[in-house]
Amino acid sequence: MSKTIYFDNAATTAVRDEVFAAMTPYLRESYGNPSSLYKIARDAKNAIEKAREQVAAAIGALPSEVFFTGSGTEAVNWALIGGAFANKSKGNHIITSSIEHHAVLHSCKYLEKHGFEVTYLPVDKFGIISVDELERAIRPETILISIMYANNEIGTIQPIAEIGAIAKARGIIFHTDAVQAIGNLPVDVKADNVDLLALSAHKLHGPKGVGALYIRSGVNVLAFIHGGAQERGRRAGTENVASIVGLGEASTLAKAEMDEKIRKMRKLRDKIIVTILERVPNAQLNGHPEKRLPGNASISFDFVEGESILLMLDMKGIAASSGSACTSGALNPSHVLMALGLPHEKAHGSLRISVGRYNTEEDADTLIEAIVPIVEKLRAMSPLC
Ligand code: PLP
């Protein structure tokens with residue numbers, strides 16, 4: 001069978017060889033429980049602490065500020081729910097944006113059911129929040145601001161340092177969901193005045209099912225999982241040692257290769273965007289033209305369904321993603337594309353191509369040569385044309 005041409009790196013990425021090699025000793029030889037006292041357990045414990053240092057170095061944090069979790073989603077839930085309840089005596093108001101990942105939006109809905117009030121800031125047509133609007137939304141009882149670093153669907157990057165400065169000046173905790181940013185953008189929690197930051201290993205060529213929450217020293221966040229003393233008593237449960245080691249290794253490699261990776265991905269991304277927009281009429285780029293993730297190309301095609309393009313690309317061995325989510329048999333256009341003000345039809349006709357470190361010029365050419373006739377063919381069949 002021929003290899004998949006993979007353009008869905010925002011959904012997940014392949015585990016790198018170096019990461020896999022770093023992980024396997026902790027599944028097979030040093031498989032001890034890190035809480036035990038003998039050698040193979042101590043080795044596992046030391047490996048976790050090394051990974052903590054690696055993740056901390058990748059984001060400009062101290063190792064003592066990094067806590068491992070079971071996913072990016074868990075890290076986000078911990079930041080929001082643990083942060084909100086720990087600071088309830090100071091106020092009950094939270095500010096977020098309307099284009100956050102469901103990990104944030106559904107945590108906010110949960111908090112609303114438990115006495116918190118949430119302001120969902122709108123975004124402009126590029127997907128950027130207004131910093132002035134954010135300042136106006138702050139109330140005396142605002143305790144938490146949660147704005148994503150970069151959007152998973154349209155790639156738009158938010159003015160994180162500006163938001164961090166405002167939150168710091170007002171004494172409000174600032175959380176950023178940086179799941180799409182880590183590994184794709186240089187991130188420094190101190191420079192950006194970030195208090196809480198969620199990340200996930202599988203977006204940066206690490207394994208699935210492991211993430212981390214950065215908690216700035218001194219920020220009050222409740223313990224999230226109760227039980228043993230792991231993660232300094234704040235996230236109990238025997239550690240997923242091999243995966244944590246994988247996250248550490250992936251973080252180090254991503255930081256070391258950041259500039260080169262960004263340059264390469266941008267070049268491929270721009271070639272894909274420019275050529276498709278040139279060759280396919282009635283197609284538009286979603287998100288900001290410059291302030292976007294280096295690998296993200298989100299494009300809407302008039303008169304066709306994104307899902308149909310996906311299926312036809314899949315038949316050619318190409319993997320990408322669309323802007324619709326299939327829930328209970330119905331296709332709902334993405335809340336992100338709707339928040340940009342896109343009409344339903346355009347939101348339904350969107351395709352997300354996410355370039356990664358393994359994509360080549362040849363992959364990009366194959367993708368372009370596939371998409372152009374697919375859109376033509378679908379339009380020829382479409383009752384909307
Ligand atoms: N936040 C963003 C912006 C994401 O893109 C994702 C995953 O797609 C998550 C959170 C959730 O991360 P995980 O898959 O590790 O739970």
Side-chain angles (χ1 to χ4, degrees), residues 6-15 19 55 59 66-83 96-110 120 123 127-129 146-158 160 163 175-185 187 194 196-214 224-225 235 240 243-244 246-248 250-251 254 286-288 291-298 319-326 334-337 339 350 352-356:
Y6 189 71
F7 277 111
D8 204 13
N9 290 278
T12 196
T13 56
V15 172
V19 169
V55 173
I59 59 171
V66 172
F67 296 83
F68 293 113
T69 63
S71 62
T73 299
E74 185 189 316
V76 166
N77 272 252
W78 186 3
L80 288 173
I81 297 169
T96 189
S97 84
S98 53
I99 62 161
E100 299 290 313
H101 188 273
H102 284 128
V104 168
L105 294 177
H106 291 182
S107 294
C108 285
K109 291 288 165 215
Y110 172 84
Y120 299 88
V123 291
I128 300 187
I129 66 149
S146 182
I147 302 291
M148 70 198 317
Y149 210 107
N151 186 268
N152 44 307
E153 292 185 38
I154 55 170
T156 299
I157 301 168
Q158 299 295 338
I160 293 300
I163 301 167
H175 166 249
T176 186
D177 169 357
V179 167
Q180 291 290 335
I182 304 297
N184 290 317
L185 295 173
V187 171
V194 170
L196 305 171
L197 175 145
L199 61 94
S200 176
H202 72 104
K203 309 288 185 180
L204 54 144
H205 300 283
K208 295 168 184 59
V210 63
L213 179 64
Y214 154 75
F224 199 54
I225 297 190
R235 198 276 184 184
N240 185 353
S243 293
I244 288 171
L247 169 56
S251 305
N286 300 315
H288 197 280
K291 292 175 192 162
R292 65 187 305 124
L293 286 168
N296 177 289
S298 167
S321 171
S322 79
S324 306
C326 188
S334 113
H335 66 285
V336 176
L337 297 173
S350 81
R352 180 188 69 184
I353 297 153
S354 42
V355 177

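Quick note: residue numbers are just sequence positions, from 1. Every number for a ligand or one of its atoms is a count from 1 in the order of the listing. This structure is a prediction, so every number in the text was calculated from the model and none was measured.
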With [X] via side-chain hydrogen bond (donor to acceptor under 3.5 Å, both in side chains) - residues at least two apart:
{"X": "Ser146", "result": "His175"}
{"X": "Ser243", "result": "Asn240"}
{"X": "Asn296", "result": "Arg292"}

* Asked: Looking at side-chain heavy atoms only, is the closest gap between Thr12 and Lys203 below 4.5 Å?
  -> no
* Do the non-hydrogen side-chain atoms of Val355 and Asn9 ever get within less than 4.5 Å of each other? -> no
* Lys208 atom NZ, neighbour heavy-atom count above 12 within 6.0 Å -> yes
* Atom-level proximity to ligand 1, residues with heavy atom under 4.0 Å -> Ser71, Gly72, Thr73, His101, Met148, Asn152, Asp177, Val179, Gln180, Ser200, His202, Lys203
